[in-house]
Amino acid sequence: GAPPQKREQKRKRISSGQRCGTCHTCTNPQLKKACLTARARLEEEERQRLLASGGSDAASAADPAASPISIPSPSIPSPPPSVAAVISPKPAPAPAFNIAAQLEPILNNQGGLKSTADVGVFLKLMDADRTLRGRYLLLSVLQSTEQAPLKQIMAGGGLKTLEEWLVECKKSHPKLLIIILKALLSFPITLRALQSESCNLGKVVNGLKKHPQADVGEAAVRIVNK
């Protein structure tokens, strides 16, 4: 038969100075075996040398466990449109409406409207703001505004808005109710304006003359008797 093949590589001899002194073979010298710790260290050094020199195939053949295992990346399916819509990032919220900043450019030093040219902007703010704070500010402006802009506000539908405010706060916000009536006293209101077909302001104000809060009733009487 064929002669036995020679071992491709002879293991390096481990000297006594390389022994760890703590492994199984070192603590049992009668076994006459090489130090297990030193042997493992030398084999690891040899494997690293083979890998560095391009001998990865030889290292894999000698130690199959040392061969890296290729793990395919998991394929994540795209979510359906309905789910994608739910998990998509929400748009940034719109900046909060700041009525004080909107009013500032159209007010004079007394806190009223500068001129009739600013009435259009003011009417839009009356329609846009639904907060108590905003209404307090708007009513304060009305009480400080000259007659010419107030006439323009009346012509532009401002009285109808104030009528709606009166109806809304008649029961829930008595403090705001009296301020609305005081603002109405600033207007050059006529009986004809109160009885207008497009505005029920006269009827609403007349119904407040017997309000349990005395100052509300007094203000309502003054408006009707103007």
Side-chain angles (χ1 to χ4, degrees), residues 85 88-226:
S88 60
K90 295 181 179 180
F97 181 75
N98 188 342
I99 191 168
Q102 299 289 327
L103 283 170
E104 185 177 359
I106 62 175
L107 300 184
N108 55 29
N109 293 334
Q110 288 73 41
L113 294 180
K114 290 179 180 178
S115 68
T116 55
D118 302 312
V119 169
V121 174
F122 186 81
L123 288 172
K124 289 180 180 179
L125 291 175
M126 288 182 71
D127 290 335
D129 196 275
R130 294 289 184 272
T131 64
L132 284 176
R133 176 179 178 273
R135 290 182 179 181
Y136 274 114
L137 287 173
L138 292 166
L139 291 168
S140 175
V141 172
L142 289 175
Q143 294 181 65
S144 303
T145 297
E146 300 292 336
Q147 293 295 294
L150 288 177
K151 289 180 180 179
Q152 291 290 333
I153 290 172
M154 289 175 57
L159 291 183
K160 182 65 178 176
T161 302
L162 292 175
E163 174 200 328
E164 293 172 357
W165 292 6
L166 278 174
V167 173
E168 289 177 12
C169 67
K170 189 161 49 175
K171 295 181 179 179
S172 55
H173 300 290
K175 290 184 179 179
L176 184 62
L177 189 65
I178 186 61
I179 295 175
I180 297 173
L181 293 173
K182 287 180 178 180
L184 285 170
L185 284 169
S186 303
F187 282 88
I189 297 178
T190 62
L191 183 61
R192 182 178 179 182
L194 290 174
Q195 296 175 344
S196 171
E197 293 181 359
S198 61
C199 181
N200 293 320
L201 182 60
K203 183 178 180 180
V204 174
V205 173
N206 195 58
L208 294 172
K209 290 193 296 183
K210 296 182 180 180
H211 194 275
Q213 192 171 325
D215 52 352
V216 172
E218 292 172 3
V221 171
R222 288 176 61 190
I223 293 171
V224 173
N225 294 338
K226 280 189 73 173

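None of these values were measured; they are calculated from a predicted model. Counting from 1, the numbers follow the sequence of the chain as shown.
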Please round to the nearest 0.5 Å and tell me the distance separating atom [atom1] of [X] and atom [atom2] of [Y].
X: Lys160; Y: Trp165; atom1: NZ; atom2: CH2; answer: 14.5 Å
X: Glu164; Y: Leu201; atom1: CD; atom2: CG; answer: 11.0 Å
X: Leu150; Y: Leu142; atom1: CG; atom2: CG; answer: 6.5 Å
X: Leu138; Y: Leu103; atom1: CG; atom2: CG; answer: 5.5 Å
X: Lys175; Y: Ile180; atom1: NZ; atom2: CD1; answer: 14.5 Å

Are any non-hydrogen side-chain atoms of [X] and [Y] less than 4.5 angstrom apart?
X: Leu125; Y: Leu137; result: no
X: Leu113; Y: Leu107; result: yes
X: Lys114; Y: Ile106; result: no
X: Ile179; Y: Arg135; result: no
X: Ile99; Y: Thr131; result: no
X: Leu162; Y: Leu166; result: no

Worksheet item: For atom CG of Asn109, is the number of surrounding heavy atoms from other residues, nucleotides or ligands below 6.0 Å larger than 12?
Response: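 Atom CG in Asn109 is not crowded, with 12 or fewer foreign heavy atoms closer than 6.0 Å.
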Atom of [X], atom of [Y] and distance for their closest heavy-atom approach:
X: Leu132; Y: Leu176; answer: CD2-CD2, 3.6 Å
X: Met154; Y: Ile189; answer: CE-CA, 4.4 Å
X: Leu139; Y: Ala183; answer: CD2-CB, 3.8 Å
X: Phe122; Y: Ile153; answer: CD2-CD1, 3.9 Å

Discussion item. One pair to check against side chain to side chain contact (heavy atoms under 4.5 Å, CB included): Val121 and Lys124. What are the steps and the verdict?
Written reply: CA-CA 5 Å; Val121 174; Lys124 289 180 180 179; 5.8 Å; no
Discussion item. Holding to side-chain contact (heavy atoms from CB on, under 4.5 Å), I want the full list of residues that pass it with Ser115, two or more places apart in sequence or in another chain.
Written reply: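 Ser115 satisfies side-chain contact (heavy atoms from CB on, under 4.5 Å) with Ala117, Asp118 once adjacent residues are dropped.
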Practice prompt. Output every pair passing side-chain hydrogen bond (donor to acceptor under 3.5 Å, both in side chains) with a member in residues 144-155, not counting sequence neighbours, ordered by first then second residue.
Written response: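 Not a single pair qualifies under side-chain hydrogen bond (donor to acceptor under 3.5 Å, both in side chains).
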Item to complete: Verify, without hydrogens or angle tests, whether Asn200 (side chain) and Lys203 (backbone) share a donor-acceptor contact under 3.5 angstrom.
Response: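 Between the backbone of Lys203 and the side chain of Asn200 there is no qualifying donor-acceptor contact (under 3.5 Å).
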Throw together a table of side-chain donor-acceptor distances under 3.5 angstrom for residues 215-223, partners on residues two or more places apart or in other chains.
from, atom 1, to, atom 2, distance (Å)
Asp215, OD1, Gln213, NE2, 3.1

